[in-house]
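Written below as structure tokens is the structure these notes are about.
We name chains A, B, ... by the order of the sequence lines, and we start the count at 1 in each one. Computed from a predicted structure; not experimentally measured.
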Amino acid sequence: MAKVTFREDRCKGCGLCIQVCPKKIIRENRDRINAKGYFPAEVVEMDKCIGCAFCATICPDCVIKVEK
Amino acid sequence: MAKVTFREDRCKGCGLCIQVCPKKIIRENRDRINAKGYFPAEVVEMDKCIGCAFCATICPDCVIKVEK
Amino acid sequence: MGERLLMKGNEVIAEAAIRAGCRHYFGYPITPQTEIAHYMAKKMPKVGGVFLQAESEVSAINMVYGAASTGKRVMTSSSSPGISLKQEGISYASGAQLPAVIVNIMRGGPGLGGIQPSQSDYFQATKGGGHGDYHLIVLAPSSVQELYELTVDAFNLADQYRMVAMILGDGVLGQMMEVVNFRDEEPIVKADKSWAASGHGMKREHNTVTSIHLDPAVLEQWNIALQDKYKTISEKEQRFELYKCDDAEIIIVAYGSVARIAKNVVQVAREEGIKVGLLRPITLWPFPTKAFEQVIDKPNAFLTVEMSSGQMLEDVMLAVKGRKPVHFTGRMGGMIPKVDDIMAKIREIRAD
Amino acid sequence: MGERLLMKGNEVIAEAAIRAGCRHYFGYPITPQTEIAHYMAKKMPKVGGVFLQAESEVSAINMVYGAASTGKRVMTSSSSPGISLKQEGISYASGAQLPAVIVNIMRGGPGLGGIQPSQSDYFQATKGGGHGDYHLIVLAPSSVQELYELTVDAFNLADQYRMVAMILGDGVLGQMMEVVNFRDEEPIVKADKSWAASGHGMKREHNTVTSIHLDPAVLEQWNIALQDKYKTISEKEQRFELYKCDDAEIIIVAYGSVARIAKNVVQVAREEGIKVGLLRPITLWPFPTKAFEQVIDKPNAFLTVEMSSGQMLEDVMLAVKGRKPVHFTGRMGGMIPKVDDIMAKIREIRAD
Amino acid sequence: MFLHEVIIAGFGGQGILSAGRLIAYAGMLDGREVSFLPSYGPEMRGGTANCMVVVSDEPIASPVLNSCTALIVMNNPSLEKFESYLKKDGVLITDSSLVQKKPVRDDIRSFELPATLMATDAGNKAFSNIYLIGKLIKETGIITPESFEKALYGVLSKSKHYLIPQEMEALKAGMDY
Amino acid sequence: MFLHEVIIAGFGGQGILSAGRLIAYAGMLDGREVSFLPSYGPEMRGGTANCMVVVSDEPIASPVLNSCTALIVMNNPSLEKFESYLKKDGVLITDSSLVQKKPVRDDIRSFELPATLMATDAGNKAFSNIYLIGKLIKETGIITPESFEKALYGVLSKSKHYLIPQEMEALKAGMDY
Amino acid sequence: MAVVFDRPHALVDIPMHYCPGCTHGIAHRLVAEALDELDIEGRTVGVSSVGCSYNNYFYFNCDMIQAAHGRAPAVATGVKRSLPDNIVFTYQGDGDLAAIGTAEIVHAAARGENITVIFINNTIYGMTSGQMAPTTLLNQVTTTTPYGRDAKEHGNPIRVCEMLSTLKGPAYIERASLHDIKNIKKAKEAVKKAFKVQMAGKGFSLVELLSTCPTNWGLDPLESLDRVKNEMMEYYPLGVFAGKDLEV
Amino acid sequence: MAVVFDRPHALVDIPMHYCPGCTHGIAHRLVAEALDELDIEGRTVGVSSVGCSYNNYFYFNCDMIQAAHGRAPAVATGVKRSLPDNIVFTYQGDGDLAAIGTAEIVHAAARGENITVIFINNTIYGMTSGQMAPTTLLNQVTTTTPYGRDAKEHGNPIRVCEMLSTLKGPAYIERASLHDIKNIKKAKEAVKKAFKVQMAGKGFSLVELLSTCPTNWGLDPLESLDRVKNEMMEYYPLGVFAGKDLEV
Ligand SMILES: Cc1ncc(C[n+]2csc(CCOP(=O)(O)OP(=O)(O)O)c2C)c(N)n1
Ligand SMILES: Cc1ncc(C[n+]2csc(CCOP(=O)(O)OP(=O)(O)O)c2C)c(N)n1
Ligand code: SF4
Ligand code: SF4
Ligand code: SF4
Ligand code: SF4
């Protein structure tokens, strides 16, 4: 069981986390625009998360916290 | 038969020509001080000169002309 | 009549330089004038000219020194910190009497400061930021159209007097777009360049471009020649605009983009019934003392407005010579004076 | 009393710095002030200090910036062209409010110019050769003894006001030898350095030394704070010497080594029955306007004498404010004014 | 007197500056005096950006505005910063997909338009600024749609001309909103 | 009033500056006010060099001399340049091994000394300046030989002290010439 | 549940101003992680340069100094000579370090100045809107090479690590990349090693990080990472250029 | 009798100001001989730098420009870009070129600027009275290293040829020496080749000449030549560093 937390207001929607996630469980949330004007990333199937922290490793903006 | 001509007033008495001359026919003239305040170099036995131009090659001040 | 285009101030400078026959530009990027380089990078290859991005401002000014030594029309541009780095080179070019055009699109300082418009390099430009007794011709445009015309003039003056001419603008002027009317042909001064180092072809004595004269008596003569030249220029090349000064009780002195705001103030004030005029120096060096002589009798006071702490103020005081009170208001660090603030100052002066 | 030594001006500067607690010197060689570096190179290792020859003046001033950021007393020295290269760095240090001491032993310019004494960097030093609205405290010694005392003061003033203090000398002062009396102990001001970047040891918020404030409103506030500081200094730190001004019909204004010659002139003139006095600015910035207020009533005229084309002249005119005529005589390019020439000028003024 | 002083403000990357430039260009084509002044932030993306446009019948004294007749805002901070600039009866247009804040003044004419969402829905988020210009044209008449179209042709490089019909669609949608 | 204003001039490398420095140092040891001002040429060797020394009972206004009471010259150009500086009855000392020119003035006291040749003969060309100082002391009394000797000890590094007796020999030879 | 990844303490908890997907952010985190893991935040003084990272003094929690364009190594020298027991690093872009700052970096390296340099190579000037850098690849289009960089006209790109490693001063020089997880992890080790080299008093250390500038490259963040891998790494090979066998 | 040796035409017939035995004079003659032999005096523009040779514009008979300290390569770039068909050279000391002028020489080299650089390495600052240069050897005593140059304190001497030859720009780089007849002859060939490389449009060429400074070394002229041979050549090996196989 692992958990990732996104600080949505810090996200710039760059999509890097989405691409590196081995489980492909992150996606761009097209329904919302955060205060910075970006579509933030969000996790869709948290239970599939393996806590590899790839997303956090590549996120340039320290948006993501990973727990396991 | 070779000939070297020294422009004495240009000589700074550095002694480089004296040292490189294979015939050892150049010496410092201790009797005279030129206008720049140096003891100029002079050739003592011109007839021994072989025109190798070593003196002229090393002279930093273009004092020496060589003819052959 | 020539073309009528909506262009950015910075691009107009570049275009004007090319029209003035400048085919050599050396520069290093810095906000807010990068568009000059971008424009040159695109255009120069098309007109057979050279655009070269130097490794630094120091290198850029020395490339200018080299190109100017060959007699070519050459330009560099930068903004405040970059201009500071060029001071040694500017002093060299001035010492060697080389014609060149330097553009400073000023931003807020000191140090890295900010990138918003400012006029705080006035002293540096007019008094000499480098070492030694020298001057630059300093031109201060206040519209995009004038950026164009004065840039062309700068090349002519530089050639004519064998010296560095500087266009002193600010971020507002560099970044704003206005309509510019280009002439079909530029009035280009052909100056003698027989002094240039461009290869003598075994046909003349070798030329030397230098700023060093180790014998102080010789260096003094050289300096005296420079000072004589400066005197001539000061007599012949002062430029200024007088706007509604004839009946003005208060004359605002302002240059560059601040003069634009001052024009607004003149309108607003006159609507309020206060007779305000504007004396706008176009040459900052030579400083237009003649303008002051023309208007000195009428006004009760002068008001210098700057985007700096009061630098031109000193020249205004030197020109006014104590004959009338000289006031000051200004903003710093990239802030632009507001019409209301200037109006408040005017009311304060009148209340005195 | 301390030691009494016959020393060269340049060496005295170095010795004074060390006595003032300076343990960091960064510089690049240039005539006529190389002896400062030579002295530092010898002495610093012996007092546990750092002498580092930088790769250029640009690097030197930025090393100074780094060392000053840590709160250390630090110095660099150069001569005119080298000082021009430091202008960006000086503007940065001024913007970041860093204390540091810079020595300029001026030589003839512009450009590579010559190596003989000059005062033609007056504008650069006092008006700001770099970009932005800033000032340096500029001290102008006129004897070897004063080189010593003012160098110590420069470190104190720099620390006290968190700004750059400059010793503005010339080749005569740097090269000449005179007897200097050293104090046993220096009056060292202990300034707050809690702003320094020296490692927070996890005990406080992290400190930042910077000159950039991209928000113009913030940068303006920063500039206003600088201007306020400058105002305080201008009120509190003006220094000058008045020599036989009480009864003088003509007051010579001169600084540095020229003031020495002017003292000769005062003697010679008085022997001839002409009452001449000397107003010697010791601080060039802040310019000692108070001195002028003290003496303004008596003299018929002021005579500014400089080894430049008339730079301090402008400050003298600004101080005199048109109340009395201000004359000028000077030499340039490494030439030193002669007693006779100054006397001739004085006779000319009287004849007017 | 024909005098429009417009401020457009938002984040960098939202097309703030190109909107202003297009209006100025179109104004020139309409034969008017124009000026355009961008305020340039240091950041390439995401920083604040704004510009000032004047379109007038008279020569323009200063391009720097201390007040304006119309204001377009594309983020919250810009509304806060510039609302007070609006003259009485001035026109405020906000991109309501990004601006949650409401104007505090009631002496202005205020319009909301979810421009970014409209543009995203239509397939090109980059055109959000055009919707807002459409609304501006509608409410102020500062330029004509025809001159705007010409301005697009004048400003855009050839390779982008194929997009112009889409942009004109966006303009119309903005005008009609 | 005790006031000596001395100019020493010649080529760089002839010990012009060290001569001046030694006189100033000795003057200080005699309890007088002193100043020493070198003019430094750009060249390390062979360029012109001169210095100005003042030894006085009063504080010295300026170290820069426009005239002098004594002049030592070690090459032709220096004679030409500085002869006019000499005050009436001033002392001129020339190194006649190097200076062929003669002074044009007749209101001065002129002395010639083949110092460079004397020094070369004695084995150390570098001491030529000392001979000339000897003569200066003799003719003007600017300093005492004793203080000059002390000055040598004060100025020279320890490793050079062994030369001092030779230098004092040279001084005497100069005084006695 | 244990935290396996969170922002390092040495990175101040505020948003950064970089463009979406810009790897400056990753580089910052790596430096901050090194400061955390080596427990040196309290005695570190960082020197920011002029480039997009001009204000990273807001982001790093250690004491910071903002240096003039290109002069960070000189500033760092002044700091290190004043505080020899502190840890001093510079953070510089390729315009800053390899153009205007050439003399400063070469001489800091030649002196073997005991500082650490983090060198961000994104083959472009980011902050001033995409001009050619000394590192710009041949044919790359920038605002000042609108027709592509041409060797004859603009010269070939400079390889900083290769050039500096001809000097005797540098103790450790490595080039790493930030374009994927594996390389980010390697880059992290390199950054950490550079600091350790300094802590051990071995002298000058520099880590070049191949980075992106999506904005000025005109690519999206993902394409940008691909460009690093496919275009940059060929001309800028990764590896250790000085101090291969250095153990710290 | 035929003249077998006389001063070249390109060297103005006036005395030079250098100290007795200083090899600046030899270097000047070699340059002038190259101009003569390649018959390019009339189309050459030389750039003097700041050092003892500051005023060699008096000595060279071609058109000359005096450049600011260290900036000769930038000045030469400005000249060459203005007059691409002319021949342009700089003449620079080791303080000028390798200290203050580091950025300018590196970037002129990196650009492959089609100019020729004559680089006088005498391991010291001559003109300003003997301070340490970047090329000063370890343990060498100078006025700014009174206790000898120390690697830890002052860094190791920089080898310019080695450093520049890591760049792609330089077409030809050679180090020669002026300490004896054989080497002077080799140096002459190197200087000539450098100009030929430029004439052929091949790009940047540089010849480093190991030289003496008897005055500031505190040695007599003969001892000075010995020092070049015995001390300098070990650290500064002679040879071709770029363009070994280049035929011109
Ligand atoms: C003296 C000076 N010159 C130029 C500039 C303008 N300037 C700011 S950042 C920059 C280049 C930054 O590029 P780089 O170092 O590659 O960093 P990046 O922005 O790509 O991270 C320049 C030229 C300046 N601030 N100061
Ligand atoms: C900007 C600047 N800094 C310093 C100097 C002083 N300076 C003149 S020559 C020189 C060094 C010369 O050394 P080098 O280049 O090795 O030439 P050399 O004299 O040995 O031939 C220096 C530092 C100067 N003229 N300008
Ligand atoms: S990598 Fe970070 S900034 Fe980018 S989309 Fe993912 S969470 Fe957002
Ligand atoms: S080499 Fe030349 S200068 Fe030296 S002694 Fe011989 S002739 Fe004279
Ligand atoms: S401009 Fe480039 S380097 Fe700068 S923040 Fe944006 S992506 Fe990063
Ligand atoms: S000081 Fe040195 S380099 Fe200069 S001329 Fe004399 S010997 Fe030659």
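Of the two parts of D/P81, neither the backbone nor the side chain holds a non-hydrogen atom closer than 4.5 Å to a non-hydrogen atom of chain H. Using a 4.5 Å cut-off between heavy atoms, D/I30 touches chain H through its backbone atoms (N, CA, C, O) alone. For a residue to count as touching a neighbouring chain, one of its non-hydrogen atoms must lie under 4.5 Å from one of that chain's; by this rule D/Y28 touches chain H with the side chain only.
Within residues 57-70 of chain H, the residues having any heavy atom under 4.5 Å from a heavy atom of chain D are, by residue number, H/Q66, H/H69. Taking non-hydrogen atoms and a 4.5 Å limit, the residue list of residues 62-73 of chain D in contact with chain H is empty.
Looking only at distances, a side-chain donor or acceptor of D/Q53 sits under 3.5 Å from a matching main-chain atom of H/M132.
Heavy atoms from other residues, nucleotides or ligands lying under 6.0 Å from NZ of H/K152 number 12 at most.
Counting heavy-atom pairs under 4.5 Å between each of D/S59, D/A37, D/P29 and chain H puts D/P29 at the top.
In this structure, the separation between NE2 on D/H38 and OG1 on H/T145 is 10.0 Å, given to the nearest 0.5 Å.
Nearest heavy-atom pair, H/E153 versus D/F51, reported as atom, atom and distance to 0.1 Å: OE2-O, 4.4 Å. Nearest heavy atoms, D/A41 versus H/Y147: O-CE1, 3.7 Å.
Two residues are said to be in side-chain contact when any heavy atoms from C-beta on lie closer than 4.5 Å; D/T34 and H/T143 fail this criterion. The shortest side-chain heavy-atom distance between H/I100 and D/E57 falls under the 4.5 Å cut-off.
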